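What you see is a predicted model, and the numbers here were worked out from it, not measured in a lab. In what follows, chains are A, B, ... by sequence order, proteins preceding strands, each numbered from 1.
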Amino acid sequence: MGNLIMTDLSQKADDNTYEKLRQNIIKIIEGFCTDVFNHHAITVTPPSNNTHGDLACNALLIAAKALGQKRSEAIETIKLKLPACEDILKIDIIGPGFINIFFKPTYWQKQLKKVLSMKENFGHTLEKNGSKINIEFVSTNPTGPLHVGHGRSAVLGDTLARILSACGYDVTKEYYINDAGNQVNHLAASTHLRYLETLGEKINASQFTADMYGGDYLIPLGQHIAKIDGKKWHKWDQETLVYFRKTSVDYLMEGIKNDLNLLNIEFDIFTSEQKLIDEERVKQAVDYLQKQGYLYRGFLDKPLGHDGEDYEAREQLLFKTTDFGDDKDRALFKSDGTYTYFASDIAYHYDKYKRGFDACIDVWGADHIGYVQRLKAATKAIANKDLEIVIAQMVNFLEDGKPYKMSKRAGTFVTLREVIEDIGADSFRFMLLSRQHDTKYDFDFHIVREQSKDNWVFYVQYAYARICSVKRRFQELWPDKNFTNEYLEYLTWDNEFSIIKLVNDFPRHVLLAAQHREPHRLVHYLYDLACAFHTLWSEGRAKEYRFIEPDQFELTCARLCLLEAIGFTIKSGMTMLGVSLKEQM
RNA sequence: GCGCCCGUAGCUCAGCUGGAUAGAGCGAAGGACUUCUAAUCCUUAGGUCGGGGGUUCGAAUCCCUCCGGGCGCGCCA
């Protein structure tokens with residue numbers, strides 16, 4: 001796991017109020033301890049119940065044993081020393097021994113100013129931390145357009161990249177093109193049939209065997225080649241094969257890139273499997289493993305979970321991945337002497353680490369779960385690195401509880417493009433990100449089409465639009481003025497402070513999302529923030545609370561500052577999720 | 001058989017490297033529009049956190065075990 005990365009992040013937080021307090025409390029407690037205690041277990045976090053103050057620390061509980069008799073002395077010192085900090089209003093020590101910290105209103109006003117100065121960058125770690133992360137995702141075979149099932153891992157990978165780079169990492173987004181296997185020969189042959197069809201030959205569906213690609217999407221390519229080259233490729237020979245392989249892969253990759261762009265996804269680098277093989281990188285990797293003594297000649301058992309009718313035991317060269325945590329050893333060569341996919345994947349990951357990344361993350365669909373241990377074992381063996389693999393579980397696409405127009409034409413599928421054109425990239429991204437990525441998800445299009453609280457992306461976008469509408473109103477009233485942050489002391493109401501506190505908590509959620517590789521935390525945070533805003537908007541009305549008071553400029557400025565901070569937070573968060581915002585709905 | 005994931009309110013899900021009285025939305029019942037867009041908001045009802053053990057000041061969270069569900073296990077990629 002990425003423990004290295006997690007430590008990095010927590011050490012990064014020296015400007016963080018929580019971390020400062022934590023260090024102070026630890027220092028005080030250490031002075032009274034006769035024994036060691038686990039510093040790492042001590043946390044300073046906002047308590048779930050706001051009557052317990054603004055921050056709570058569990059240090060006394062963690063260090064209870066180490067403190068022994070001196071516990072009450074430590075408590076006295078904490079109560080004495082911490083309030084010396086000008087921001088702290090009071091310290092309570094209650095319950096089983098939580099240190100509850102209450103801040104003065106001036107502290108929150110100060111924090112608000114900080115948010116305003118960072119604008120849409122609020123939540124970002126501004127200075128680079130020097131770590132290079134490679135994140136590889138999508139990487140589907142270039143044998144057809146992306147289908148809707150690819151959406152989740154695509155969005156997950158892209159969003160993780162955005163969040164990690166917001167946290168100061170140097171992130172490279174990579175796509176590995178599997179353009180070497182047998183499937184590409186089948187692809188070339190399929191395109192060739194479409195080409196012949198364009199030239200007027202009678203092609204019937206049965207000529208597309210099960211291994212081939214009979215979907216309509218190759219027809220335009222066949223037509224295109226016929227138009228450019230006429231009958232030049234009529235004969236199926238080696239030269240034709242090479243040409244059709246390359247042309248087909250290029251064509252489909254172009255389509256895949258376009259579809260991904262629709263989803264707001266762009267890659268930094270595309271790596272070709274065929275190129276690795278041509279440059280003998282796979283050979284080098286296998287030779288290296290051989291030299292290390294990890295390879296041997298042996299037999300593999302008949303695979304389980306299949307009928308295995310066509311299985312034949314065969315002596316072959318095996319990689320002893322079981323020494324590195326895999327549950328069986330793996331083959332590197334097929335019976336025809338070419339490399340297995342696994343062999344080139346080893347070379348590929350070896351290559352990534354050699355390019356100098358401190359961490360590599362692969363984002364895969366659930367259908368590759370069985371491959372995790374194998375590849376982790378291999379990268380451990382060849383590069384002595386722990387590859388990190390994030391799994392996006394299956395998504396069931398539904399329309400009002402029923403399967404979403406699945407398999408409407410024989411041999412085809414619902415493409416990613418048609419879904420995005422149907423519901424839009426914003427909804428698609430936001431909803432797919434709203435759930436923990438390693439649990440399966442029933443995605444209902446019916447909900448996404450609604451404009452209501454059920455549709456989360458709408459709800460958050462609506463909050464942002466409301467904020468913009470208040471700002472427009474301000475400009476109408478005071479056309480020649482801007483609201484300044486000089487009057488924040490006019491913010492006095494409890495509900496205003498609760499929302500400042502929520503805004504202030506945003507960077508912590510960003511770090512957590514990055515550390516755990518869990519963008520859904522941000523989605524939930526933004527939903528909660530939007531909810532708090534809508535509450536302030538409406539609940540305030542009962543108390544005749546208005547953001548804009550036409551005859552009180554200072555008060556209005558203060559409230560507009562609060563709205564502005566909420567707006568920056570929403571903007572920052574939504575940008576990390578790759579979702580857009582509108583100033584008017 | 002083995003590996004990974006999941007089991008929290010009627011439904012869909014949050015729950016922070018273990019923390020205080022387990023939280024949202026939907027659905028159900030009731031209420032709020034002379035407004036900065038009611039595309040919203042407020043009440044109320046609803047839970048032995050799948051069962052059982054263990055670890056400790058403390059467990060929805062960690063460990064073991066059982067039950068139930070999903071995905072995957074090949075010389076495919």
Self-check item: Minimum-distance nucleotide to A:T340 side chain [options: B:rU37, B:rC57, B:rC76]
Solution: B:rC76

Self-check item: Nucleotide-level pairing of RNA chain B, given in dot-bracket where Watson-Crick and G-U pairs need both distances under 3.5 Å and | marks other strands
Solution: (((((((..((((.....[...)))).(((((.......))))).....(((((..]....))))))))))))....

Quiz item: Would one find a side-chain N or O of A:T535 under 4.0 angstrom from OP1 or OP2 of B:rC42?
Solution: yes

Quiz item: Of the nucleotides B:rC16, B:rC36, B:rA77, which has the atom closest to the A:R521 side chain?
Solution: B:rC16

Practice problem: Identify which nucleotide among B:rC36, B:rU40, B:rC57 has an atom closest to any side-chain atom of A:H534, counting heavy atoms from C-beta outward. | Solution: B:rU40

Self-check item: Cationic N near anionic O, under 4.0 Å, A:D386 to A:K376
Solution: no

Self-check item: Pair A:K328 + A:D326: basic N to acidic O under 4.0 Å
Solution: no

Taking only N/O atoms, report every protein-nucleotides 3-9 of chain B pair under 3.5 Å with atom names and distance.
| residue | atom | partner | partner atom | Å |
| --- | --- | --- | --- | --- |
| B:rC5 | O2' | A:D438 | O | 2.4 |

Quiz item: Given B:rG25, B:rA77, B:rU37, which nucleotide is nearest the side-chain atoms of A:A465?
Solution: B:rU37

Quiz item: Counting side-chain heavy atoms from C-beta on, which of B:rA77, B:rU40, B:rC75 comes nearest to A:N182?
Solution: B:rA77

Quiz prompt | Given B:rC76, B:rU37, B:rC71, the nucleotide with the shortest approach to the side chain of A:S469 | solution = B:rU37

Quiz item: Is the shortest side-chain N/O distance from A:H186 to OP1 or OP2 of B:rA77 below 4.0 Å?
Solution: no

Quiz item: Looking only at atom C1', what distance separates B:rU37 and B:rG23, rounded to whole Å?
Solution: 30 Å

Quiz item: A:F98 on top of B:rA20's base, within under 5.5 Å and under 30°?
Solution: yes

Validation: residues 142-149 of chain A side-chain donor-acceptor distances under 3.5 Å, sequence neighbours left out:
| residue | atom | partner | partner atom | Å |
| --- | --- | --- | --- | --- |
| A:H147 | ND1 | A:G149 | N | 3.3 |

Quiz item: Separation of A:F430 atom CZ from B:rA14 atom P, in whole Å?
Solution: 14 Å

Practice problem: Kindly write out the residues that satisfy ring-ring contact (aromatic ring centres under 6.0 Å, His included) with A:Y459, not counting sequence neighbours, or none if the list is empty. | Solution: A:Y527, A:H534

Quiz prompt | Shortest side-chain distance from A:V470, nucleotide among B:rG19, B:rA20, B:rC36 | solution = B:rC36

Quiz prompt | Polar pair under 3.5 Å, donor/acceptor by atom type, side chain A:N100, base B:rA20 | solution = yes

Quiz item: Hey, does A:R466 reach any base, or is it just sugar-phosphate, or nothing, if we go heavy atoms under 4.0 Å?
Solution: sugar-phosphate

Quiz prompt | Check ion pair A:E549-A:R546 (N to O, under 4.0 angstrom) | solution = no

Practice problem: Choose from B:rA20, B:rG19, B:rA77 the nucleotide whose nearest atom is closest to any side-chain atom of A:I62. | Solution: B:rG19

Quiz item: Is the phosphate of B:rC71, meaning OP1 or OP2, less than 4.0 Å from a side-chain N or O of A:R152?
Solution: no

Quiz prompt | A:K65 side chain near B:rC57 phosphate (N/O to OP1/OP2, under 4.0 Å) | solution = yes

Exercise. With A:K70 as the cation and A:F32 as the aromatic partner, state whether NZ or CZ is under 6.0 Å from the six-membered ring centre and within 45° of the axis.
Key: no

Quiz item: So what does A:T143 hit on the nucleic acid, given a heavy-atom distance under 4.0 Å: a base, only sugar-phosphate, or nothing?
Solution: nothing

Quiz item: Is a salt bridge present between A:R559 and A:E496, judged by a nitrogen-to-oxygen distance below 4.0 Å?
Solution: yes

Self-check item: Whole angstrom value for the distance that separates C1' of B:rG74 from CZ of A:F299
Solution: 17 Å

Quiz item: Below 4.0 angstrom from OP1 or OP2 of B:rC76, is there any side-chain N or O of A:Y339?
Solution: no

Practice problem: Please identify each residue that fulfils salt bridge (Lys or Arg N to Asp or Glu O under 4.0 Å) with A:R435, with sequence neighbours left out. | Solution: none

Self-check item: Check against ring pair (Phe, Tyr, Trp, His ring centres under 6.0 Å), A:F333 and A:Y339
Solution: CA-CA 5 Å; A:F333 293 94; A:Y339 294 112; 5.2 Å; yes

Quiz item: Considering only B:rU12, B:rA38, B:rA77, which nucleotide approaches the side chain of A:W537 most closely?
Solution: B:rA38

Quiz prompt | Test salt bridge (Lys or Arg N to Asp or Glu O under 4.0 Å) applied to A:D327 - qualifying residues, sequence neighbours left out | solution = A:R330

Self-check item: Proximity to the side chain of A:R546 - top-ranked nucleotide from B:rU35, B:rA77, B:rA20
Solution: B:rU35

Quiz item: Has A:H524 got its ring stacked on B:rA24, by the test of a centre gap below 5.5 Å and a plane angle below 30°?
Solution: no

Quiz item: Less than 3.5 Å between a donor and an acceptor, one on the side chain of A:R508 and one on the base of B:rC16, is that the case here?
Solution: yes

Quiz item: Between A:K471 and A:E583, does at least one N-O distance fall below 4.0 Å, as a salt bridge requires?
Solution: no

